[in-house]
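Some notes on the structure that comes next.
Positions are given from 1 along the sequence. Counting starts at 1 for both ligands and their atoms, in listed order. Note that the coordinates shown come from a computational prediction; the quantities given were computed from them, not determined experimentally. When reading the values below, keep in mind they use all heavy atoms of this one structure, side chains included, and skip hydrogens, waters and symmetry mates.
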Amino acid sequence: MSQPLVASSQLHIRMALLVICAAYVFYRLNKAGGQERLPECGLLGATKFVVYSKNVVTPKGVQAAAVSIMNGKITQVKPAKKAPRSKRRMMVLDYGDKAILPGGIDLHAHLNEPGRADWEGFVTGTQAAAAGGITTVVDMPLNSFPTTTTLEAFDMKLEAADGKLYVDTAFWAGLVPENAGNHSVLEALLAKGAVGFKAFMSPSGINDFPNSNKTVLRQGLEYLVKNDVPLMVHAEDPPLDAPAPEGDPRSYLAYMSSRPREWEKRAIKQLIELAEELQPAPRIHIAHLSDADNLPILAEAKARGLQITVETCPHYLMFAAEEIPDGSTLFKCAPPIREAENRERLWAGLEEGVIDVVSSDHSPSTPELKLLEEGDFQKAWGGISGLQMGLSATWSEGVKRNATLEKLAQWWSTLPAQIAQLPEKGLIKKGYDADLVVLDLEEPVDTSEEAYRHKHKVSPYLGLEMYGQVHATFVRGYQMLVVPAENW
Ligand SMILES: NC(=O)N[C@H]1NC(=O)NC1=O
Ligand SMILES: [Zn+2]
Ligand SMILES: [Zn+2]
């Protein structure tokens, strides 16, 4: 690529974003020693530089500090009232009072490659991640074809990703009835570098990723506990005789009622039972909690010492059923977005730490499959596109509810790193990866289609008023440069 390298942090660009550094960052987190390739280009020719701001989110709180970076690692975090001067061999990027946080870690993104790269793909998915301040994406094992449930499929995934990644990327493997009892397959997938497994308790929307009942989950967990790796679960358990959805297919309330709260409650109850029954205690991560009624039982389970962690998504924190227009299938996801009152309780759950993390559940499709014209909630693809907007959306909504920068960093970086067991990620701290995001907290986010780096410009976030624009993203010390479209 021959785009100009714009080596100035002062250069303030936020129209159409394009990450131009073909970074080829490939980071497969692998206990057996994964393959890792460093970026082949970067904004800063230097491998040694300093990033400064008055609001650096460190484990000791928000500080005015200078963060020294060398060879992709943070070598020092030094409190400093003023930015140090740039020297010939030490460039200082002074971000003033913008916030510097540990880069976002999105535990839940469907990038859909190989097999459905027409829905998204690694290039656009990880470029959009960089533009949204996400420095590590953990890709889901389904919606790609084949689904990542066998060793061959995992190899195909790695091959498809090679050379296409602009941020660090790790992978979940899939747990399905076919492999749950076959522990040598699970073992091989972990040896390849999967961070853990993902299972569904409801039909997944993808025929070759069947759902699991409690017995199947137990079979898989019996192996996973030995390795102390997490099982992430889509926790909705529909009854076998669930009635077909009724009413006007364009009605949002009819869609929401077709996936009632009981489904989530029943699934979560079974997951807590499994956590209690198995020894040693399994790590169970509840994907995309929507129903806040479950917070008390989850709080109790955690208080009893069970290793249950909980995720919610920006769309549950930002939108509300009452405000979703009939026919607006942009908002169709599962479990569904519920009422405003439920949303406020999810925020309280985050604040109290019952919900650990926020991840996007970015699940795009082609525009055609969203049936935007017909507005048919029953037939449209269930999944929301929003990876690029998740971090900013969480800040934009959180600040209205007195969320702090420290909490934002916990929800989007520190705790996700712990859950996926990503060493040396998730903190701005000496010895950690130099994964950073620079946010202007008060600046409007560019939510235009031109700025949206995903393959399809189909998302409920487009055109919204939000605050907390990403100014720069560093992935292991490489600045993922964003430039206006006219400079491509
Ligand atoms: N298959 C798939 O991506 N499903 C996801 N979409 C969604 O809205 N919830 C999911 O679990
Ligand atoms: Zn899910
Ligand atoms: Zn998902």
At a non-hydrogen distance cut-off of under 4.0 Å, which region of [X] contacts ligand 1 (side chain, backbone, both, or neither)?
| X | answer |
| --- | --- |
| I384 | neither |
| F209 | neither |
| H288 | side chain |
| S363 | side chain |
| W381 | side chain |

Which of these passes side-chain hydrogen bond (donor to acceptor under 3.5 Å, both in side chains) with S290: R261, H315, R338?
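Exactly one candidate clears the test, R338.
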How about [X] and [Y]: are their ring centres within less than 6.0 Å of each other?
| X | Y | value |
| --- | --- | --- |
| H362 | H110 | no |
| Y252 | F331 | no |
| Y461 | F319 | yes |
| W395 | W412 | no |

With atoms numbered from 1 as shown, which atoms in ligand 1 lie under 4.0 angstrom from a non-hydrogen atom of [X]?
| X | value |
| --- | --- |
| L142 | 1 (N) |
| N143 | 1 (N), 2 (C), 3 (O) |
| C333 | 8 (O) |
| F200 | 11 (O) |
| D361 | 7 (C), 9 (N), 10 (C) |

If you have a sec, work out which protein heavy atom is nearest [atom] and how many Å separate them, to one decimal?
| atom | value |
| --- | --- |
| atom 11 (O) of ligand 1 | H234 ND1, 2.9 Å |
| atom 6 (N) of ligand 1 | G382 O, 2.9 Å |
| atom 9 (N) of ligand 1 | A334 O, 2.7 Å |

Residues R250 and D376 bridged, charged N to O under 4.0 Å
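Salt bridge: no.
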Determine, for D356 against K302, whether the closest basic-nitrogen to carboxylate-oxygen distance falls under 4.0 angstrom.
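A salt bridge links D356 with K302.
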Q469-Y467 side chain donor-acceptor pair, cut-off 3.5 Å:
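Side chains of Q469 and Y467: no pair found under 3.5 Å.
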Decide whether Q219 and T215 meet the rule of one side-chain donor and one side-chain acceptor closer than 3.5 Å.
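Absent: no donor and acceptor within the cut-off.
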In H234, which N, O or S atom comes closest to the Zn ion (ligand 2)?
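Among the N, O or S atoms of H234, the one closest to the Zn ion (ligand 2) is ND1.
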Using non-hydrogen atoms of the residue, decide whether S204 is closer than 4.0 angstrom to ligand 1.
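Contact present.
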The Zn ion (ligand 2) to nearest N/O/S of H108 below 2.8 Å
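Checking the Zn ion (ligand 2) against H108, no N, O or S atom falls under 2.8 Å.
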Could you walk me through whether D361 and I384 satisfy the side chain to side chain contact (heavy atoms under 4.5 Å, CB included) test, starting with their C-alpha distance in whole Å, then the side-chain angles of each, then the deciding distance to 0.1 Å, before giving a yes or no?
CA-CA 7 Å; D361 193 11; I384 287 180; over 6 Å; no
If you look at H110, which of its N/O/S atoms is nearest to the Zn ion (ligand 3)?
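This residue's closest N, O or S atom turns out to be NE2.
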Would you mind naming the N, O or S atom of D361 nearest to the Zn ion (ligand 3)?
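Of the nitrogen, oxygen and sulfur atoms in D361, the Zn ion (ligand 3) lies nearest to OD1.
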For ligand 1, which is the ligand I care about here, please tell me if K332 has any N or O atom under 3.5 Å from one of the ligand's N or O atoms.
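No; the residue has no nitrogen or oxygen that sits under 3.5 Å from a nitrogen or oxygen of the ligand.
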Check: I206 N/O within less than 3.5 Å of ligand 1 N/O:
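N/O-N/O distance under 3.5 Å: no.
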Determine whether T414 and Q418 satisfy the following criterion, side chain to side chain donor-acceptor pair (under 3.5 Å), listing intermediate values before the conclusion.
CA-CA 7 Å; T414 313; Q418 285 174 16; over 6 Å; no
Whether F209 and F200 hold their rings parallel, tilted or perpendicular, with breakpoints at 30° and 60°
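Perpendicular.
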